[in-house]
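Counting convention: from 1, in listed order, for ligands and their atoms alike. Everything quoted here is computed from the prediction, not taken from an experiment.
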Amino acid sequence: MQTQLLDGTWSLSSVDPSAIVNNCSYFSNINRIDINIPGDVHSTLLDRGFIKDPYYASDELSTLWVGQNDWKIERDFTYKKSEKKVILSLTRVDTFACIILNGKEIANTDNFFARWNIDVTDVINDGENHIEFIFTSAEKVAISRNAELKYPIPCSLYPNGSPNRNLVRKPQCNAGWDWGPCVMSMGIYDPVKLIGVNEVFVKSWNCIPKLIDHNWICKAEITANVFEESDVDFNIHLAGRDEHTIVHVKPGKEYYSFTFCIPEEDVELWYPAGQGGQHLYPMYISFADFSDKRMVAFRTLEIKNNITMGGKELTVCVNGKDIFMKGVNWIPMDALYSRITTSRYIKLLQSVTDANMNMVRIWGGGFYENETFYDTCDRLGILIWHDLMFACSTYPSEEWFLKSVEKELKYQILRLKSHPSIALWCGNNEDLGALTWYEESIKNRDRYVMDYDRLNEGVCGRLVRELDPSRVFWPSSPCAGPGDFSDNWHNDGSGDMHFWTVWHEGASFDKYRSVKPRFCSEFGYQSFPSLSTVKSYCPEEQLNLTSPIMEHHQKNPRGNSIILENFSRYFRFPNSLEKMLYLSQAQQAWAMQIACEYWRTLRPYCMGTLIWQLNDNWPVASWSAIEYSGKWKLLMYHAKNFFAPITPIGYIEDGKLKVFITNDTDKAEDVKVSVKFSTYRGEKVRQHVFRVTVEPQSVLEVTSSELDDIDVTNTFAYLKASTQNIYRESVIFLTEPKKCALEDPQLKTQIRKVGKGFQIEVSCSRPAFWVSLDANSIKGQFSDNMFSIRPTAQKVVTFTPESDDITLEEFEKNLSIYDLYWAGY
Ligand code: BMA
């Protein structure tokens, strides 16, 4: 078997230059430019200066024409025939391409998520060849499909959004979302492969060890196209085992398997982050002239959905251990595919475990991710809640659509199922709820429920059960469970919930404590990016929250007002852009702290909290915890603390301060907990010390103390929890911060260069709250941020820059320090 990649420089031209002459006359006279494949059309035109940067100012609008027109990508290449068969294998062709090889039309792609294996044996020359991909604008296809529909198939449309996105199998968020730009991309994002084979073309192989009676049953499964009847060698190596067999293959029989077993004690288990090691074993196989390697793990997985505590739980259980899921929702990392890189994947996912998280949800409006994503989650122990790619919409159930979905799922499920990190398959994002969002589906519900079920159960559920019986098919997020159509935005007793009452319904933060979800898979609060990021897309003269450009980088229509309205609910109003940007991030972090901490105290009733959203796909105001540049917002630093395995939690309820300790480890912990009250001048008011033992994988209520004699505007509380190895603090305002008599903390910093990084000692003369450091344009990471300190103890933080050549002067010049007093008093 030989594989030749056709990566490199291809040429790009317009299919109809007259249609784009007003936008770009260069392509008239059939001019072409170079394009790197894998790559996308927008990035190529941007690099060559034919379009403005869609991420700057409101230039997104001036680039919409690219996605509304047709483009051609082509190249010459030489091929040396040495096998009986030649397969052109393609993935992530975006989206509608007519493929012509040596003047002959060989395929028409129509699904971004599918794989195309095209037998070109009789078309390819032994020598010189020419291949063309003629892309039709997906927007055009969507509009024409809409015109042909027997009845409307509505979907949610966001600012500047591309219409009818639900009628094309393409990442739905390419059409624009309430955090993302409309970039109706085109291109080829994976290597273009020419695979020479003889009798057999292997399409997929998998092995998911299953534990039965203290033995791991390892079934190696192969799917293949067989061109000639023959006997082929099948070799397997795994965990010190070498297995060999001869398999008789014949045309038409696609599936082959071989089972062997490994005693339980011979291998180490794979655990999610924070629960044990992530032991992975290289598995090698060869089948006829195909050979490959992948990492395999030994772990048991169960998604419990039993009736417990008056509802239906949703508990992730790995190796027999119920684990509280702490995590985030993942969206595609960039709207320009050429900017998606391995190093960004690793950095973003490393951030997840650095912030004490153990789960990410691949959200249904994006795409099935690159191998790097899954390999990294396997390696770091990040479990994946994997949506199938449908979001916020109704979808057709016509044959052509269902067949196309079937093709994509057969490829994706068999491509991915061996990854130990994938915890479950979920049918879609919010499509169950979407049935109640549109006039048409409200008026004629049965018709749309039928469509929904034909797709979601008839195709998605069926294929998951068929192709990957080792995992649960969770019908939709949110939902109360298989077969249950109730609204899980407001019902909290069963399954997973999306809680948007705080944010989309504008409720106050205490409402997070008005629900008891079994598993909250979406909730979020927006903030603005930091000043250095805002300056990357907004010119000086428009640095104002309600300027056209700042509003262009807010895709949630009520977004800015909700952030500002909540400032007035809780804080003294900030009087500069810089203060508003800081306070929006502190406010977001605080909101998520309130939600996550309360739901952690409900364990084991609640067994999961996934924050909306981890990342941004361009620079924007959004619910993200990490900015487009990869810079952690204050939320990510705060999450590292409120998701810590052992941490103190305190909140006010019915005039009492309730205090808890969590323990997400396997060991009972003896914890000293002190509950202290201090004035904003720093004078001690009162304190209580408790010595408690917190059982493994549990949470303990330590105390519930009356506050009736406390002046809540002049006093705050802080909790300290210490064991032999850990020390954690948490500060609690006893009323809205705006009512509190904060005093100027007169923050002082001492900065020293330490190796390639910097050490910052922060001290204060009055209690200081939510002290935040920002290195502005210097990329790097602080060891902690958004911390509160008292005059009695200084805080030492380190900063690790991404590049090693930052001088102390440069760092000092770039370093900003903020705190709550500065922001509003
Ligand atoms: C949920 C998500 C996304 C959306 C987010 C914020 O609906 O599923 O579709 O971006 O809320 O509005």
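- In terms of polar-atom proximity, His504 is counted as a contact of ligand 1, with an N or O under 3.5 Å from an N or O of the ligand.
- The Trp179 neighbourhood of ligand 1 comprises atoms 10 (O), with distances under 4.0 Å to a heavy atom of that residue.
- For ligand 1, the atoms sitting less than 4.0 Å from at least one non-hydrogen atom of Cys392 are 9 (O), numbered in the order shown with element in parentheses.
- Within the listing of ligand 1, atoms 1 (C), 7 (O), 8 (O) sit less than 4.0 angstrom from a heavy atom of Glu430.
- The existence of a salt bridge linking Arg361 and Glu522 is confirmed by a sub-4.0 Å separation between a basic side-chain nitrogen and an acidic carboxylate oxygen.
- Against a heavy-atom cut-off of under 4.0 Å, Asn429 is close to the following atoms of ligand 1: 8 (O), 9 (O).
- Taking only nitrogen or oxygen atoms, main chain and side chain alike, Trp623 does not reach within less than 3.5 Å of ligand 1.
- The closest side-chain donor-acceptor pair between Glu457 and Tyr452, if any, does not fall under 3.5 angstrom.
- With a heavy-atom cut-off of 4.0 Å, Gln613 does not touch ligand 1 at all.
- Side-chain contact annotation: Tyr438 with Ser156, donor-acceptor N/O pair under 3.5 Å present.
- Close approach of ligand 1 to Trp363 is summarised as follows: ligand atoms under 4.0 Å from at least one heavy atom of the residue are 2 (C), 3 (C), 8 (O), 9 (O).
- Closest to atom 9 (O) of ligand 1 among all protein heavy atoms lies Trp177 NE1, 3.0 Å.
- Judged by the shortest distance from any of its heavy atoms, Trp503 lies outside the 4.0 Å radius around the atoms of ligand 1.
- For an aromatic pair to be called close, the ring centres must be under 6.0 Å apart, and Trp599 with Phe523 satisfies this.
- Defined by atom type and a distance below 3.5 Å, a donor-acceptor pair is missing between the side-chain atoms of Asn429 and Ser477.
- Annotation for ligand 1: atoms under 4.0 Å from non-hydrogen atoms of Glu522 are 1 (C), 2 (C), 7 (O), 8 (O), 11 (O).
- Glu139 and Lys170 are not joined by a salt bridge, as no carboxylate oxygen comes within less than 4.0 angstrom of a charged side-chain nitrogen.
- For atom 12 (O) of ligand 1, the closest non-hydrogen atom on the protein side is Asp178 OD2, 2.5 Å.
- Remark: Tyr628 pairs with Tyr55 by the ring-ring contact (aromatic ring centres under 6.0 Å, His included) rule, at least two apart or across chains.
- Counting heavy atoms under 4.0 Å from ligand 1, residue Ala391 does not touch it at all.
- Contact of the Phe528 side chain with the Leu577 side chain is not registered, since no non-hydrogen atoms from C-beta on lie closer than 4.5 Å.
- No side-chain N or O of Ser476 forms a donor-acceptor pair with one of Asp431 less than 3.5 Å apart.
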